[in-house]
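The next block holds one structure in the form of structure tokens; read it before the comments.
Just so it is clear, the values below take in all heavy atoms, side chains as well, and ignore hydrogens, waters and symmetry mates.
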Amino acid sequence: QVQLVESGGGLVQAGGSLRLSCAASTRDFSFNSMGWYRQAPGKQRESVARITSGGSTNYAESVKGRFTISGDNAKNTVYLQMNSLKSEDTAVYYCNAEGRYSGPTGRTYDYSGWGQGTQVTVSS
């Protein structure tokens, strides 16, 4: 099975930067796309940014020009560089991945899952 392990959240002042990381727990995983979502208190989870294995990216309008998503296929890791943070970026950030992984017998399985979430708090 695949687990997504997130890191990099924390408390930062408005205008500051943070870098989130999300790594798949197994090497026997190839992702089709990985992305970041966020959920603020009382709000629905929303897509922030996504990257495909081919390197195509897309972003929410609210983060364009401030956030950059990148991936390391060899490490099955995706990063989210967040600059010029605003108080409205405060949320729990979740990693999501879709791809395939190999089990112990060599059989491959489709995968779609979420990380546990990491808190990002931007103080004004």
Side-chain angles (χ1 to χ4, degrees):
Q1 190 47 288
V2 179
Q3 288 185 327
L4 302 177
V5 181
E6 301 156 344
S7 61
L11 173 65
V12 65
Q13 288 188 332
S17 298
L18 283 174
R19 188 192 196 208
L20 305 183
S21 298
C22 173
S25 61
T26 174
R27 288 186 176 182
D28 296 323
F29 174 71
S30 60
F31 74 90
N32 296 325
S33 67
M34 294 182 77
W36 291 94
Y37 290 69
R38 66 186 181 187
Q39 187 166 19
K43 294 188 177 181
Q44 289 188 333
R45 190 174 297 189
E46 63 175 357
S47 176
V48 176
R50 196 156 196 91
I51 186 168
T52 69
S53 57
S56 297
T57 59
N58 61 69
Y59 298 90
E61 285 296 324
S62 59
V63 306
K64 281 183 178 178
R66 299 187 298 122
F67 291 10
T68 302
I69 189 169
S70 60
D72 185 331
N73 289 7
K75 296 182 178 179
N76 284 326
T77 300
V78 64
Y79 307 96
L80 185 68
Q81 178 66 43
M82 305 185 293
N83 299 328
S84 302
L85 283 161
K86 305 176 181 180
S87 58
E88 50 262 45
D89 295 317
T90 295
V92 178
Y93 284 70
Y94 297 91
C95 176
N96 171 264
E98 296 179 353
R100 295 182 65 81
Y101 70 97
S102 298
T105 64
R107 181 179 174 181
T108 58
Y109 301 86
D110 290 332
Y111 173 82
S112 179
W114 296 87
Q116 78 283 0
T118 185
Q119 177 70 46
V120 171
T121 302
V122 183
S123 63
S124 56

Which heavy atom in [X] sits nearest to a heavy atom in [Y], and how many Å separate them?
X: A40; Y: A91; answer: N-CB, 3.8 Å
X: S102; Y: T108; answer: OG-CG2, 3.6 Å
X: S30; Y: N76; answer: CA-OD1, 4.5 Å
X: S87; Y: S124; answer: CB-CB, 4.4 Å
X: S84; Y: S17; answer: N-OG, 4.4 Å

[X]-[Y] co-clustered via ILVMFWY side chain contacts under 4.5 Å:
X: F31; Y: I69; value: yes
X: V92; Y: W114; value: yes
X: L4; Y: V48; value: yes
X: L80; Y: Y37; value: no
X: V78; Y: F67; value: yes

Is any side-chain heavy atom of [X] less than 4.5 Å from a side-chain heavy atom of [Y]?
X: N96; Y: R45; answer: no
X: T90; Y: Q119; answer: yes
X: E6; Y: W36; answer: yes
X: L20; Y: Y94; answer: no
X: Y79; Y: T68; answer: no
X: Q1; Y: Y109; answer: no

Return the [atom1] to [atom2] distance between [X] and [Y], rounded to the nearest 0.5 Å.
X: R66; Y: N83; atom1: CZ; atom2: CG; answer: 9.0 Å
X: S123; Y: L85; atom1: OG; atom2: CG; answer: 10.0 Å
X: S25; Y: Y101; atom1: OG; atom2: OH; answer: 10.0 Å
X: Y111; Y: T26; atom1: OH; atom2: OG1; answer: 11.0 Å

>> Assess, by modelled atom type and distance only, whether the side chains of S53 and N32 contain a donor and an acceptor separated by less than 3.5 Å.
In response: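 Checked: S53/N32 side chains show no N/O donor-acceptor pair below 3.5 Å.
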>> Checking S33 against R50: is there a side-chain donor and acceptor pair closer than 3.5 Å?
In response: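 Yes, S33 and R50 have a side-chain donor paired with an acceptor closer than 3.5 Å.
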> Is the side chain of N58 donor-acceptor paired with the backbone N or O of A49 at a distance under 3.5 Å, no angle test?
Replying inline: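 Here the side-chain-to-backbone pair does not exist.
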> Would one find more than 12 heavy atoms of other residues, nucleotides or ligands at under 6.0 Å from atom CD of Q3?
Replying inline: no
>> Which residue is it: V120, V12, V122, D89? I am looking for the one with a side chain to side chain contact (heavy atoms under 4.5 Å, CB included) to M82.
In response: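 Exactly one pass, corresponding to V120.
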